[in-house]
*Asks:* 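Can you keep this structure in mind? I'll have questions shortly.
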There are 2 protein chains.
Amino acid sequence: MAFRGDRPRIGQVAQLAGVSATTVSHALNGRRPVSAETRRRIMDAIAELGYRPNVVARGLRAGRSLTIGLVIPDITNPFYPVLARGVQDVLGPAGYDEIITNTNGVRDLERAALDKMISRQVDGVAFAVFHTHADDLQPVIDAQIPVVRLGGRAAQTGVDLVHSDDEGGAREAVRHLIHNGYRRIAFICGPAAEGPAAERVAGYRAALAEAGIGPQQNMVVHTDFSRAGGAHGVEKLIRQRKRPDAVLCANDMMAIGALDAARERGLRVPDDLAVMGFDDIEAATLVTPQLTTIANPAREIGMACARLLLDRINGVAGPPKEIVIPTRLVRRQSA
Amino acid sequence: MAFRGDRPRIGQVAQLAGVSATTVSHALNGRRPVSAETRRRIMDAIAELGYRPNVVARGLRAGRSLTIGLVIPDITNPFYPVLARGVQDVLGPAGYDEIITNTNGVRDLERAALDKMISRQVDGVAFAVFHTHADDLQPVIDAQIPVVRLGGRAAQTGVDLVHSDDEGGAREAVRHLIHNGYRRIAFICGPAAEGPAAERVAGYRAALAEAGIGPQQNMVVHTDFSRAGGAHGVEKLIRQRKRPDAVLCANDMMAIGALDAARERGLRVPDDLAVMGFDDIEAATLVTPQLTTIANPAREIGMACARLLLDRINGVAGPPKEIVIPTRLVRRQSA
DNA sequence: GTGAAAGCGCTAACAG
DNA sequence: CTGTTAGCGCTTTCAC
């Protein structure tokens, strides 16, 4: 069978340069000295033929594919492109490419994605899911492929973990509100406090406690992790006898919804109601008033993850690590 | 050398099932009939061993990698994740994965990305760049790898092209403004009318002409393709003696900047100044007033591209195609 | 500093 | 319907 494009192979380069394929290989990979003169002839031959090493063949032989798998819920969620960029900007220069798979947060798809990564013989996997199914990672671990989990609590499986300081960030948010004189501070959460949201609630509670503000009635409402959810949360809160004077939302989209509801109800932000978000997605600067929020450094998370993966791939051992990326308060107009 | 994880190979499956590796291969790929009984034994063996075919080996042998390359400026630009999703949603079920490379619009990186795709023996390439360098694609074409260009004008190289109807969209936008009574309609463009922007300007001019509105003085301003650029464009326009009553911007971020400037200057939108964008990024619904814009269907573009690629890979020949994806007017509040 | 030969895991002739 | 054999393009012993 005629193979695609009939590209030059290493043997042709060797022939043209008057050396063996072995020497060409070593000239290219630097695993063994090659004389300057030989190297020059090889490079000339490569240029003349337009030779490009076949990464697939190399991968098969070497047991490495120079590929890492990134398993995420949805690249369309603005957090992940930034994270992916961070990963790539570290891994790219090291010669790795990424295969990105979207799971929509569906467990079966997550499992299938991991299976695929094993089949593809990836050299590492970055796995970002809310619902942590530790055992779903087992096949990857068995295949001895380094895995880094993104987000979530410390893993039981002993895999590396990179996540932002959700609890600390929420604490800082609430401190900021308290500092600005707000006292009845609500938290608008998703249906359940799952994933990062759980830690954000924890930070919220901790900050209230440390300020001597006891838990207040009905100040944590559960809705959806969406714009409509945020709006709905505010609706719910202001129907109560004791209204909040500030709301912290589990993410920015919810906070934007909160802003919608406030405007709808004629509430001035931040005078009648302060609103804070979490994540600092680009949209936070698009709304009016601009959103005060906690930056969730997606890019740094991606980069830290990539570095960890590189270390593992290169056999820099050590016990499983947990890397916590600090968040950062971003003051704008809404609180 | 001990290979990673010592995963079961096809031979082990064959042995356990009491058949040859060939038969296992065929049972898996369905290229040749396998008796029901044999197939059952093979499947049992696969399940027992947890066997997963090695895609890299398969790729080397078959000359296909089941991978396609997506070369884009920046996954962080909100247009591309949606496009990538569209590509994946078509290609994924067909067994393909994507490698995404960001070029930042830098020509050397574009070339390097294409080289890499050839090295990786991808089965197809989707190439999205503003600055069309037809000859940069030549190595890929020589390697007989199907390429689909995304965006830009009809290619001279004879490669497939998928793009949205930028000219028609702009025409529709201007018609909408005219229909709503606006007559002094400006266009805020980037530094040069490059890429899609060129066609958007053309559509703008065409619509004015067809409405019998001759070209007006200083109604096309050049700034940056950014939020600040849009704001700057409005500033420039309203300093003129004859102000526009509407502006069409080359993209949504610019339109959002235009909204900023209007607010700053106390101009009511759309009463004093109508504002329209282009692309319908998510942010368009985030601003106040919400942006009336032209939806640039990234997802459809990605899906059409993927289908075209599949056709080419499967040898469904035919001459190079140009697929134009229609845009759609999205009426909201700003015009 | 260089080569010959073996083989990564799989699929596709060819042969029955 | 099934098996044997060769080989995809490369890297890596082992030998010189």
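Quick note on labels: first sequence line is chain A, next is B, and so on, each numbered from 1. FYI, side chains are in, hydrogens and waters are out, and symmetry mates aren't considered; it's all heavy atoms of this structure.
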*Asks:* Is the number of heavy atoms from other residues, nucleotides or ligands within 6.0 Å of CD (A:Gln12) greater than 12?
*Replies:* yes
*Asks:* Can you tell me how far P of C:dG3 sits from CD of A:Gln15, to the nearest Å?
*Replies:* 13 Å
*Asks:* So do B:Gln121 and A:Val55 actually touch side chain to side chain, heavy atoms under 4.5 Å?
*Replies:* no
*Asks:* Would you tell me whether A:Thr22 and A:Ser25 have side-chain atoms, one donor and one acceptor, within less than 3.5 Å of each other?
*Replies:* no
*Asks:* Does B:Thr38 place a side-chain N or O at less than 4.0 Å from the phosphate oxygens OP1/OP2 of D:dC1?
*Replies:* no
*Asks:* Got a sec? Which of residues 17-31 of chain A come in under 4.0 Å of DNA chain C, heavy atoms?
*Replies:* A:Gly18, A:Val19, A:Ser20, A:Thr22, A:Thr23
*Asks:* Which nucleotide, C:dG3, C:dT11, D:dT11, lies nearest any side-chain atom of A:Arg32?
*Replies:* C:dG3
*Asks:* Look at the side chain of A:Arg61 and decide which nucleotide, out of D:dT12, C:dA13, C:dT2, has an atom nearest to it.
*Replies:* D:dT12
*Asks:* Can you tell me the distance, in whole Å, between the CD1 atom of A:Ile10 and the P atom of C:dG3?
*Replies:* 12 Å
*Asks:* Determine yes or no for a side-chain-to-main-chain donor-acceptor pair under 3.5 angstrom, with A:Thr67 supplying the side chain and A:Ser65 the backbone.
*Replies:* yes
*Asks:* Tell me the closest heavy-atom pair linking B:Asn102 and A:Gln88, and the distance in Å.
*Replies:* OD1-OE1, 2.5 Å
*Asks:* Between C:dG7 atom C1' and B:Leu60 atom CG, what is the distance in whole Å?
*Replies:* 12 Å
*Asks:* For B:Val56, which contact category applies under a 4.0 Å heavy-atom criterion: base, sugar-phosphate, or nothing?
*Replies:* nothing
*Asks:* Rounding to a whole Å, what distance do you find between A:Gln121:CD and C:dG9:P?
*Replies:* 8 Å
*Asks:* Kindly state each residue pair satisfying side-chain hydrogen bond (donor to acceptor under 3.5 Å, both in side chains) with at least one member in residues 300-321 of chain A, sequence neighbours excluded.
*Replies:* A:Asp160-A:Arg312
*Asks:* Write down the distance between CG (A:Leu66) and P (D:dT11), rounded to a whole number of angstrom.
*Replies:* 10 Å
*Asks:* Within this structure, what is the CZ-to-C1' distance between B:Arg41 and D:dC1, rounded to whole angstrom?
*Replies:* 12 Å
*Asks:* Which atom names give the shortest non-hydrogen contact between B:Leu66 and B:Asp123, and what distance separates them?
*Replies:* N-OD2, 2.6 Å
*Asks:* Please state how far atom CZ in B:Arg39 lies from atom C1' in D:dT2, giving the value in whole angstrom units.
*Replies:* 13 Å
*Asks:* Report the distance from atom CG of A:Asn54 to atom C1' of D:dT11, rounded to the nearest whole Å.
*Replies:* 13 Å
*Asks:* Nearest to the side chain of B:Pro33, heavy atoms from C-beta on, is which of C:dT2, D:dC1, C:dC10?
*Replies:* D:dC1
